[in-house]
A.B. asks: 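Structure incoming, see below.
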Amino acid sequence: MKKVTGIGGVFFKCDDPKKMKEWYAKNLGIESGEYGAAFNWVQDDKVDPTGCTAWNIVDRNTKYFEPSKKDFMINYRVENLVALVEQLKTDGVTIIDEIASYDYGKFVHILDPEGNTIELWEPA
């Protein structure tokens, strides 16, 4: 079974998200809005964007990364999230929440052995 197919996003905490986003825009050209920036990419020989990697800065006090106390969270793109979650459960991996479905895909959060929250995303 294919598991991770790529990096879906990188998210990190900071004290002043607005100021930090301004710094990244000015110095590195990363323009971002409320939901961050999206880096579109193509796969193999296709011409149109076939996916994107999200990047966002969030307020230090966010609860979204919990139970992890780390300042970052990685989102991995996956295929067949339902089957993967079943396999992870069988392997004793901590599943933080239930699979949530949205127009843009399915999400679930797990913990790695050091307590880092990992977000798994199956794009729609």
Side-chain angles (χ1 to χ4, degrees):
M1 170 176 49
K2 194 173 214 178
K3 295 182 180 185
V4 170
T5 61
I7 303 287
V10 177
F11 309 96
F12 62 97
K13 297 178 182 180
C14 72
D15 294 322
D16 188 341
K18 183 177 184 290
K19 184 176 179 181
M20 188 71 89
K21 286 180 180 185
E22 289 169 357
W23 185 93
Y24 273 91
K26 177 183 175 188
N27 294 289
L28 298 178
I30 301 174
E31 298 290 337
S32 60
E34 179 182 356
Y35 299 108
F39 296 95
N40 294 322
W41 45 264
V42 296
Q43 186 171 335
D44 302 324
D45 60 352
K46 296 177 182 161
V47 178
D48 294 325
T50 57
C52 72
T53 301
W55 176 92
N56 202 5
I57 299 168
V58 297
D59 187 87
R60 174 147 326 275
N61 298 315
T62 186
K63 305 235 183 275
Y64 192 65
F65 298 1
E66 289 184 1
S68 176
K69 301 299 182 201
K70 304 291 176 82
D71 287 341
F72 66 91
M73 182 178 68
I74 306 293
N75 168 295
Y76 293 100
R77 295 169 61 97
V78 301
E79 287 185 359
N80 197 343
L81 184 61
V82 172
L84 178 56
V85 167
E86 289 306 313
Q87 181 63 51
L88 294 172
K89 286 179 182 176
T90 299
D91 293 341
V93 173
T94 300
I95 311 298
I96 297 172
D97 50 14
E98 298 294 319
I99 294 174
S101 295
Y102 302 93
D103 292 342
Y104 44 90
K106 298 176 188 170
F107 293 84
V108 75
H109 298 87
I110 65 172
L111 288 178
D112 73 9
E114 291 197 2
N116 297 305
T117 296
I118 296 169
E119 185 172 60
L120 301 177
W121 170 44
E122 180 184 342

A.B. asks: Would you say that more than 12 heavy atoms from the other residues, nucleotides or ligands in this model lie under 6.0 Å from the CD of Glu98, or not?
C.D. replies: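 Open.
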A.B. asks: Would you say the side-chain atoms of Asn61 and Lys13 include a donor-acceptor pair closer than 3.5 Å?
C.D. replies: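 No donor-acceptor contact under 3.5 Å links the two side chains.
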A.B. asks: Is atom NZ of Lys70 surrounded by more than 12 heavy atoms (other residues, nucleotides or ligands) closer than 6.0 Å?
C.D. replies: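 Enclosed.
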A.B. asks: Please report the shortest heavy-atom distance between Cys52 and Asn40, naming the atom on each side.
C.D. replies: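 Shortest heavy-atom contact: CB-OD1, 3.3 Å.
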A.B. asks: Consider only side-chain heavy atoms of I, L, V, M, F, W and Y, link residues closer than 4.5 Å, and tell whether Ile96 and Phe72 are in one cluster.
C.D. replies: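 No: no chain of side-chain contacts under 4.5 Å links Ile96 to Phe72.
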A.B. asks: Return the CG to CD distance between Asn80 and Gln87, rounded to the nearest 0.5 Å.
C.D. replies: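 One gets 11.5 Å once the value is rounded to the nearest 0.5 Å.
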A.B. asks: Compare every heavy atom of Ile57 with every heavy atom of Lys21, then report the nearest pair and how far apart it is.
C.D. replies: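 So the two residues come closest at CE-O, 3.7 Å.
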A.B. asks: Please step through side chain to side chain contact (heavy atoms under 4.5 Å, CB included) for the pair Val10 and Ile74, ending with a clear verdict.
C.D. replies: CA-CA 5 Å; Val10 177; Ile74 306 293; 4.3 Å; yes
A.B. asks: Flag the pair Asn116 / Met73 as yes when at least one side-chain heavy-atom distance between them is below 4.5 Å, and no otherwise.
C.D. replies: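 The answer is no; the side chains never approach within 4.5 Å.
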A.B. asks: Only one of Leu111, Val93, Ile110 forms a side chain to side chain contact (heavy atoms under 4.5 Å, CB included) with Ile118, so which one is it?
C.D. replies: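 So, applying the side chain to side chain contact (heavy atoms under 4.5 Å, CB included) to Ile118 and each of Leu111, Val93, Ile110, only Ile110 qualifies.
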A.B. asks: Answer whether the closest heavy-atom distance between the side chains of Val82 and Lys106 falls below 4.5 Å.
C.D. replies: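 They are in contact (side-chain heavy atoms under 4.5 Å apart), so the answer is yes.
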A.B. asks: Just jot down the ring-ring contact (aromatic ring centres under 6.0 Å, His included) partners of Tyr24, sequence neighbours excluded, or say none.
C.D. replies: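 Per chain and number, Tyr24 pairs via ring-ring contact (aromatic ring centres under 6.0 Å, His included) with Trp55.
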A.B. asks: Is any side-chain heavy atom of Trp121 closer than 4.5 Å to one of Val78?
C.D. replies: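 No, their side chains stay 4.5 Å or more apart.
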A.B. asks: Decide whether Tyr76 and Ile99 are clustered together by the hydrophobic rule: side chain heavy atoms of Ile, Leu, Val, Met, Phe, Trp, Tyr closer than 4.5 Å, transitively.
C.D. replies: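 Looking at the clustering, Ile99 is in the same group as Tyr76.
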A.B. asks: What is the minimum heavy-atom distance between Gly51 and Arg77, and which atoms define it?
C.D. replies: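 Result for this residue pair: CA-NH1, 4.1 Å.
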A.B. asks: If you define the side chain from C-beta out and look only at heavy atoms, does anything of Phe107 sit under 4.5 Å from Leu120?
C.D. replies: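 When only atoms from C-beta onward are counted, Leu120 and Phe107 do not touch, as no gap falls below 4.5 Å.
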A.B. asks: Is there a side-chain contact between Thr117 and Pro67 (heavy atoms, below 4.5 Å)?
C.D. replies: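 A side-chain contact exists here, since the closest heavy-atom pair is under 4.5 Å.
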A.B. asks: How long is the straight-line distance from CG of Asp97 back to NE2 of His109, given to the nearest 0.5 Å?
C.D. replies: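 Answer rounded to 0.5 Å: 5.5 Å.
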A.B. asks: Do side-chain atoms of Thr53 reach the backbone of Ile7 as a donor and acceptor pair under 3.5 angstrom?
C.D. replies: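 Side chain of Thr53 to backbone of Ile7, a donor-acceptor pair under 3.5 Å: yes, one is there.
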A.B. asks: Would you compute the distance between atom CZ of Phe12 and atom OG1 of Thr62 and round it to the nearest 0.5 angstrom?
C.D. replies: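 Result: 13.5 Å between the selected atoms.
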A.B. asks: Between atom CD of Glu86 and atom CD1 of Ile95, what is the distance when rounded to the nearest 0.5 Å?
C.D. replies: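 So the CD of Glu86 and the CD1 of Ile95 are separated by 8.5 Å.
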A.B. asks: Quick test of your reading of the model: are Asp16 and Arg60 salt-bridged, counting only N-O distances below 4.0 Å?
C.D. replies: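 Result for this pair is no, no salt bridge flagged.
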A.B. asks: Side-chain contact test, heavy atoms from C-beta onward, threshold under 4.5 Å: evaluate it for Glu119 versus Tyr64 and give yes or no.
C.D. replies: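 Yes, at least one pair of side-chain atoms sits under 4.5 Å.
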A.B. asks: Quick one: are Phe65 and Val58 in side-chain contact, heavy atoms under 4.5 Å?
C.D. replies: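 Yes, their side chains come closer than 4.5 Å.
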